[in-house]
4 protein chains.
Amino acid sequence: MHISTTPDANELIVSPCRAHREEDKDYAVVFATPVNAKGITLITTPGKYPERGEEAQWNWPDSGKGAKISECMIVFDDVFVPWNRVFMCGEYQFSRDQAWLFGVFHRLYGASAIAVERELKLGTAALMAEYNGTDRYPHIQEKLAWMAMDTVILDVMARAACEHPDVFPDIGLVAPNTVYTNIAKFRKADECAENSKLLADITGGLIATVPSYKDWMNPKERPFIEKYLAGKAGIPTEHRLRAIRLAKDLTSHNVDQAHIHGEGSLAAQKMHVFASADWKRYKAIAKRIARIPGWEEHPDLKHLPDWPWDYEF
Amino acid sequence: MHISTTPDANELIVSPCRAHREEDKDYAVVFATPVNAKGITLITTPGKYPERGEEAQWNWPDSGKGAKISECMIVFDDVFVPWNRVFMCGEYQFSRDQAWLFGVFHRLYGASAIAVERELKLGTAALMAEYNGTDRYPHIQEKLAWMAMDTVILDVMARAACEHPDVFPDIGLVAPNTVYTNIAKFRKADECAENSKLLADITGGLIATVPSYKDWMNPKERPFIEKYLAGKAGIPTEHRLRAIRLAKDLTSHNVDQAHIHGEGSLAAQKMHVFASADWKRYKAIAKRIARIPGWEEHPDLKHLPDWPWDYEF
Amino acid sequence: MHISTTPDANELIVSPCRAHREEDKDYAVVFATPVNAKGITLITTPGKYPERGEEAQWNWPDSGKGAKISECMIVFDDVFVPWNRVFMCGEYQFSRDQAWLFGVFHRLYGASAIAVERELKLGTAALMAEYNGTDRYPHIQEKLAWMAMDTVILDVMARAACEHPDVFPDIGLVAPNTVYTNIAKFRKADECAENSKLLADITGGLIATVPSYKDWMNPKERPFIEKYLAGKAGIPTEHRLRAIRLAKDLTSHNVDQAHIHGEGSLAAQKMHVFASADWKRYKAIAKRIARIPGWEEHPDLKHLPDWPWDYEF
Amino acid sequence: MHISTTPDANELIVSPCRAHREEDKDYAVVFATPVNAKGITLITTPGKYPERGEEAQWNWPDSGKGAKISECMIVFDDVFVPWNRVFMCGEYQFSRDQAWLFGVFHRLYGASAIAVERELKLGTAALMAEYNGTDRYPHIQEKLAWMAMDTVILDVMARAACEHPDVFPDIGLVAPNTVYTNIAKFRKADECAENSKLLADITGGLIATVPSYKDWMNPKERPFIEKYLAGKAGIPTEHRLRAIRLAKDLTSHNVDQAHIHGEGSLAAQKMHVFASADWKRYKAIAKRIARIPGWEEHPDLKHLPDWPWDYEF
């Protein structure tokens, strides 16, 4: 129904995605077919961006290459499949095993592929911290450390699924460790948004407003951009722009980024809450219970008894 | 440096964004100017999508209207400002108050505006659960409940900032409660990604592969789409597609969504871990410590002493 | 079945806790009874600590007063209830309303009571940061800011449940806003453990090893404790100890605290990961994709093509 | 300053815990000493519980054995150390390496030891779900799956630190992988509270009110306890009580547990929010933006224009 990369492929292998019962046996099939067989229609998602060539590459360094547009829905309308390419046909009792086996290998692939992609996200965050000159700030280091932990866990879990496989000696099968694989795949998906949030946070508000290729190539605008968007001394503005465009691309081209930075960054709000919370009152409450003198002057507490030592128990 | 909505505005009000010291006094200015004054350059972000008109509206129901393209960088190059539109000029000691006052009102605006936008996200998630026929599943209800809690907290905190304002009687000022406002603004930004993740999760893999306007309008494809993408009985396929397009638009048009659903959804992995974890072993460990019989047969534990009652203490 | 504070009460009011159907009607009762009525047995939890009097108060400033020991199970074994104290008897169709109404008021009580207790936890954390001399460290301020946000949200949500109640004009009832109340109660419970973790983290390893009353009162040990456990200049060691005992009491007297600090604190691990992660590699990966020179020297990447500009699309 | 298990040890090895500079050289020492050497004072934490023997074991199956009371502070007051037991004396330039090397091995120990303890917590949670008859509820399975993922990650990361060590060929040293070790140790501490919360949540309110040994041994109470605290059919009440006591012990003997269950459990609040949130309104908002008919009747929206198709752009 929804498949990636099919338009780039030569052959399709079709397989059940769940267990079947006898009444489902017509769906219990496994077969291979050329993608361009008569009767197959691919309804693909359109490309994400209107730009082409150098402009696409500058604006969208990761996805602008034309790749990543190949999600599609596949319709089979009376497609002929030669018998020697049919591997299962109605043996519904094997659908569960087939789905399981496909699942565990596919999930391992997914977790492994994204381990690499997450390293790219992590590297982009580290580069932005360097280019913005913020890599000495503790809250930036804390965020980078979190991203590094998450990236390494994904890598280690996927590799451990291979190093400590499930072994089925009776059928001579060694398959990825199913628990480790599913944990890796879960984290791939579950922490994706948090990584994007942190990358956008570290990049700064320019992730929303960074100039595009046409602005950068415009000789009237270039001097302004060179001057006002310069980052850390010694880093060419162009390098900083390229890194920001990559961050924008990796976290998507959408309003979430504006929401993170609109009206001040996450760190600004935390600082403000820290600066404005009524610490005198909170500390006085704690002092009273801990029997440390000094709470008696606080206006909210001064009418309270010296609690509660006036009764026996 | 990075500002929203300026291209749509008639007038700009320029103001410090931080405290100044005497040596910064040249920057301690507040003034108003028409946006089209001589010497002002706006370097705007390009529109997000190539589509126009009905197609844009169908594909991107929220952002495809042409709005939300107005992030920009403003360059002032020798702009004349008449003296009667200058409100502060060098009085650096007031920059802090001006920045603070702007900040608290602006953050209240941000939190309030997004409270509404988050209700849209929440409503889209609820609609998708209904159209997919999954609104009875506990894990879907759990996710919707979390989104509802988050949305309501944002709404209540922003409103409470107005209901319980900070009062400055000496200058006759009532301003939004600064702690409540900053908490609301923080949550607006901090939980944005989590809401997007949950919306994408509830929508399903079609958030990546949903057909676009041109496919929907293509008479050869329409019957396939009508048939295979039908959701719950009684809901027109078109309504489901419109809701999915809205979900795609609200969570951005990017690879994160594919990552959430690629190789199976979040719930699939949790179910798999639950189904495959070595519960017998974990329970045997607990039984041994709790002195409940039955752990002795477990192969990992059977060589262990009946712990540790063979010593005195 | 499990009830708090009953041993301290004079009267019990018994009420359904869920909806009933006709076959449950024998359980659809509401009545009041003195706690010491014949046939009532309270099986209470024992006191938590062996200490009594001054020692209990010193060691456990919050819970050591003898309070908080009153959880119990109530057994009714043929208890006589006079008819004039019976408010519902078999009218099963009202059980749902009765349970709902009790629930919403009780949850509001719970959220409100814990809002105060969480202020105590927050104040103790702020006091510990001050006494340890760590209140200038960004990671400590970040943790305090988080705790303050959580505490204020609980307070605002519980108050908003009263300020914006649910109104039932047909029966003349105004009840706490049920959505706000349940959100407040949820956060009371859900974030309790996180607050305890942060308080233990801020307090430091002494939360596990802090001397007790008997050590403090021992004239041989006192000089060592005075000298080696002194905190910030100007704060009497006794005050610091009292604050640590309060932190220990509020986060429980258990091994979780040792786990947080054993082998170095949370911040130490994050610093270590930040210091040791392979940033050169991660940055090189990002540079290659962003087309920023410099990645070509990295040993893991140098064999890779200058990606992927050698093909057309 | 705060050390575990010393009272149970025969020998102490003293070592720097940080880098030193020349002026700190008096502290740059490594030596071994018997714990009972003249001049050494251990100020230990008192035992946690007043019970002894069988009662302690019943009430506190894990910690009631008398163990886990050995946190202490060590005071050295003019202790003689023979020269042949001194391994470093003033060579401050090696303090950093010594601290690092101790740290990485110690953290690996900590993570490995707690991996086992966390399996005990996980097993106790699984046992409670079984004994309570709740192990078919999706929200219970979700929580168990989360705990299993966390436990397995800790185990895999600690093991991977050994399988993929840091190698220092010039000095012939193989040490635990420092990044993996620190990630494992971080998660040991960081997720400890979340695991305790989930275990308490799964156990239910009885974690606060479960009877103690003396109640269980009391022949008058025993029949009530046998009857009213019976769990799933076929499980002896005593086994359920033992499992609950273990859960209570593992999550500490404190008020946090009462907070989780007081006024209804976490799941109850989520269900309530799901049942009471204004879904009609939220869905209508989404329908209006997605251009799906049906929103026009909602009282909050009916005055709004059919947005925003009345303008060109």
**OP:** Please state whether the side chain, the backbone, both or neither of Lys280(B) comes within less than 4.5 Å of a heavy atom of chain D.
**Re:** neither
Original post:
Among all residues two or more places apart in sequence or in another chain, which pass the salt bridge (charged side-chain N to carboxylate O under 4.0 Å, His left out) test with Arg242(B)?
Top reply: Glu238(B)
Subject >> Non-hydrogen side-chain atoms of Trp216(B) and Glu226(B) separated by less than 4.5 Å >> reply: yes
Original post:
With only heavy atoms counted, which part of Val116(B) is less than 4.5 Å from chain D, the side chain, the backbone, both or neither?
Top reply: neither
**OP:** Take the angle between the ring planes of Tyr137(B) and His139(B) and call it parallel below 30°, perpendicular above 60°, tilted in between.
**Re:** tilted
Subject >> For Asp155(B), side-chain hydrogen bond (donor to acceptor under 3.5 Å, both in side chains) partners two or more places apart >> reply: none
Original post:
Do you know which of Ile285(D), Leu122(D), Thr151(D) has the most heavy-atom pairs under 4.5 Å to chain B?
Top reply: Leu122(D)
